[in-house]
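A short write-up of the structure that comes next.
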Amino acid sequence: MPWHAGNFIEKKLRIDDAVGAVAVHGVCGFWSPLAVGLFAAGYPTGLNNVDSSLTGQLYGMMIFLPLGFFGGYIPSWILKKFNLLRVPPEVELEGLDMAEFNADFYPEFDRPAEVIIEPDGTQVPSAPILLEDYANVIHNGNGRAREPSVRG
């Protein structure tokens with residue numbers, strides 16, 4: 001269920017969710033109390049052994065949904081408007097551990113050199129091409145990616 005929600009959130013709602021947190025915590029967090037109301041209605045729950053009900057679960061969801069969603073969405077939206085939500089593209093290519101601590105904390109995972117294969121079959125480092133395309137997206141001003149440049 002969360003992988004379908006993740007695709008919907010990223011592609012249809014156009015919310016950038018790099019780690020799938022909205023799909024996992026939001027969708028599954030919405031399903032969990034609903035499932036308790038559907039499948040455990042009438043059974044005692046919690047410390048006080050109060051009988052659970054679908055109506056009680058729906059009331060709780062109506063209260064906590066806006067608190068959880070807007071409490072995360074609004075600060076993220078503000079950070080995005082001030083361009084503080086993401087690291088610079090150079091740091092993204094290098095990796096945060098290398099940029100911040102000058103160390104790779106996962107040496108067991110060998111990082112292969114990232115290359116782009118040109119139309120003639122030659123391999124070139126990807127960083128200069130990706131940074132050039134990123135600069136073109138910024139200078140175009142529309143914020144939308146264009147077709148990557150093809151060198152040859």
Side-chain angles (χ1 to χ4, degrees), residues 1-39 45-47 54 56-152:
M1 183 200 279
W3 54 91
H4 299 297
N7 288 337
F8 176 77
I9 288 167
E10 288 186 9
K11 291 183 174 52
K12 299 293 183 189
L13 299 179
R14 300 188 48 81
I15 295 175
D16 186 12
D17 186 12
V19 296
V22 175
V24 172
H25 297 285
V27 174
C28 294
F30 182 81
W31 167 247
S32 298
L34 184 63
V36 169
L38 290 173
F39 301 118
T45 59
L47 296 175
L54 180 59
Q57 295 300 102
L58 290 175
Y59 285 147
M61 290 165 61
M62 287 188 326
I63 291 170
F64 283 105
L65 181 68
L67 288 174
F69 180 77
F70 292 121
Y73 186 80
I74 291 172
S76 297
W77 183 79
I78 292 169
L79 288 171
K80 182 179 178 183
K81 289 299 175 189
F82 287 108
N83 202 22
L84 298 171
L85 192 60
R86 291 229 179 241
V87 297
E90 299 86 6
V91 174
E92 198 170 323
L93 287 171
E94 182 183 15
L96 288 172
D97 290 338
M98 291 300 289
E100 194 167 335
F101 302 107
N102 204 18
D104 189 5
F105 292 109
Y106 301 98
E108 63 273 13
F109 300 112
D110 188 25
R111 295 186 334 176
E114 295 182 24
V115 296
I116 293 178
I117 300 174
E118 297 286 349
D120 64 356
T122 59
Q123 295 182 356
V124 295
S126 65
I129 296 171
L130 294 174
L131 290 173
E132 177 186 331
D133 284 341
Y134 176 77
N136 288 335
V137 167
I138 296 300
H139 293 306
N140 286 343
N142 61 7
R144 294 187 180 255
R146 61 174 182 76
E147 289 295 319
S149 62
V150 177
R151 299 177 173 203

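Bear in mind that the values here come from a model prediction, so they are computed numbers and not experimental data.
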By side-chain hydrogen bond (donor to acceptor under 3.5 Å, both in side chains), S32 pairs with (sequence neighbours left out) none

Check: For L96 and V87, what are the C-alpha separation, side-chain angles and deciding distance, and is it a side-chain contact (heavy atoms from CB on, under 4.5 Å)?
Finding: CA-CA 8 Å; L96 288 172; V87 297; 3.5 Å; yes

Taken in chain and number order and not counting sequence neighbours, the residues that satisfy ring pair (Phe, Tyr, Trp, His ring centres under 6.0 Å) with F101 are F105

Are side-chain heavy atoms of V22 and V27 found at a separation under 4.5 Å?
no

- Message: So T122 and I117, do their side chains get closer than 4.5 Å, heavy atoms only?
- Response: no

Minimal heavy-atom distance between A99 and V91, with the atoms involved, is CB-CG1, 3.5 Å

In short, S76 meets L85 closest at the heavy-atom pair O-CD2, 4.0 Å

In M62, Q57, M61, the residue satisfying side chain to side chain contact (heavy atoms under 4.5 Å, CB included) with Y59 is M62

So CG of L65 and CG of L58: to nearest 0.5 Å the spacing works out to 11.5 Å

Quick one: are L84 and I78 in side-chain contact, heavy atoms under 4.5 Å? no

So the ring-ring contact (aromatic ring centres under 6.0 Å, His included) pairs with at least one residue in residues 70-96 (sequence neighbours excluded) are F69-Y73

With heavy-atom distances below 4.5 Å as the criterion, would you say the side chains of V115 and V124 are in contact?
no

